[in-house]
Amino acid sequence: MFEFVSLRVDQYMSAPPVSVDPHTPLAEVEQLIEIHGFNGCPVVDADGRLLGMVTGFDLIKVCEIGPEALVPHYGAIMQRPVHGVMSPVPQTVDPELPLTRVLQRMIDHRITGLAVVDSDRLVGMITRRDVLRALRESSPAESSDPQEGSPS
Amino acid sequence: MSTLLFSDPVFRRHDTSRGHPECPERVDAVLDALSKPNFGALQRRIPSPATVDRLASVHERRHVEAVLQAIPAQGHAFLDGDTCVSPDSGNAALCGAGAVCEAVDEVAQGRADTAFCAVRPPGHHATADVAMGFCLFNNAAVAAAHALNAHGMNRVAILDFDVHHGNGTQDIVWSRPGILYVSSHQSPLYPGTGRASERGGSDNIVNMPLPPNSGSTEMRDAYGAVGLPALEAFQPDLIILSAGFDAHRLDPLAGLNWTEDDYAWLTKRVLDIADRLCGGRVVSTLEGGYHLGALGNSVAGHVRALMGASNSEDSC
Ligand SMILES: [Zn+2]
């Protein structure tokens, strides 16, 4: 269990991350999210700078029934480019940040994943699953030890 | 202005088991940072171990003996879920307390102005009768008692900027009006003590809990409004620093966001007060700090300030 506290984001993030450019149609984004089981997908410019994130929530929200149509015109909506739909990224993490701090941020902000950014460039994504994997892999001995917690 | 650096290979040999954050590499990170040319003026010293009698000035004697008896001849033993000892741990702990006491001797007798003790294990969680939180003996409290007993001082202040509250130091200082304990720490966090309402038997404890995710601004505000005025009002004859560097923004065990500059800033403010009130006498001892890079850089700023801000090229 002690090992977990020395683990850093860059040891457990997915890299290079799947990302899209700002002109990608929403249909393509939806497919990516479907295939990879992502909660969201980062949007980057030609230089790899992070512009925003598009999530399943963003895709649902753009189909909301509004004053301009009686039903959501799904086919037409999915042809729109992602840059008009993506959300700004309120916080990113450094590759060298300890995973203990990522875990705390996921709790504090109820977020499933964070973009990893190194001098403005997107270099990875770190998710709840990655943090759980790090916890699991850093404590194999304890989880299988029936003596755990008994005084020595 | 002369500054001593106490270190000993035994601090590296305190083996806390694989992957433990309070690891021997912490001492390497500190000493590497202090091996740069601008630390050439540091006078390096190797400490002698403290005696059981000396530790018994703040710890219960049977506790000291029990801790030393719990040290295994080989392998590891856990004193609690976090606190691991191995064959050299007893020696390291005795030398750690010895280092801080010797630093007090040197500074009290005017042979040095300031000192930094690069010791392991840390001390501030060790209460009068419990070893916990990576700590065996309370180095800072032992040294404060030594300054009062052996050097005829009347008032010694301990300022603790480790991110965790020094419950052990508070426990020992509570009913000792000759010692002031000032602590900044994240709250909530281990070990759960350190509310501002905990003020000691004679208002000699000043706790400054800081909220998670807070950083330089909150820290400087707290010290400016509460911690430093309390230190000044106490009119200490000597200031001992429980110097933990785990409030740094990269530290894995806590959630504050201090920077290297914050440590240098705080150290300079303390030195200013020491210069005005007690001939500049400041003894600092290492507590926590678990991100090795951040630890090295933060200690460098801290020790540069101990060596005299006026000689330093940087100003914060
Ligand atoms: Zn600490």
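Because the structure is predicted, anything quoted here is derived from the model rather than measured.
Using a 4.5 Å cut-off on side-chain heavy atoms (C-beta onward), Glu3(A) and His20(B) make no contact. Between Asp108(A) and Asn213(B), some side-chain heavy-atom pair lies under the 4.5 Å cut-off. The shortest side-chain heavy-atom distance between Leu250(B) and Leu97(A) falls under the 4.5 Å cut-off. You'll find the side chain of Asp94(A) reaches within 4.5 Å of the side chain of Arg249(B), heavy atoms only.
Other residues, nucleotides and ligands contribute over 12 non-hydrogen atoms within 6.0 Å of the CD1 atom of Ile107(A). The local environment of CZ in Arg133(A) is crowded, with over 12 non-hydrogen atoms from other residues, nucleotides or ligands closer than 6.0 Å. For Gln91(A), the CD atom is densely surrounded, since the number of other residues' heavy atoms within 6.0 Å is greater than 12. By the 6.0 Å contact criterion, CZ on Arg129(A) is open, its count of non-hydrogen atoms from other residues, nucleotides or ligands being 12 or less.
The heavy-atom pair separating Gly81(B) from Phe2(A) by the smallest distance is O-CZ, 3.6 Å. What you find for Arg101(A) and Asn257(B) is that their closest heavy atoms are NH1-OD1, 3.1 Å.
Interface check for chain B: of the options Arg8(A), Arg105(A), Glu96(A), Gln104(A), the most heavy-atom pairs under 4.5 Å are formed by Glu96(A). For the options Pro212(B), Ala254(B), Cys23(B), heavy-atom pairs under 4.5 Å to chain A are most numerous at Ala254(B).
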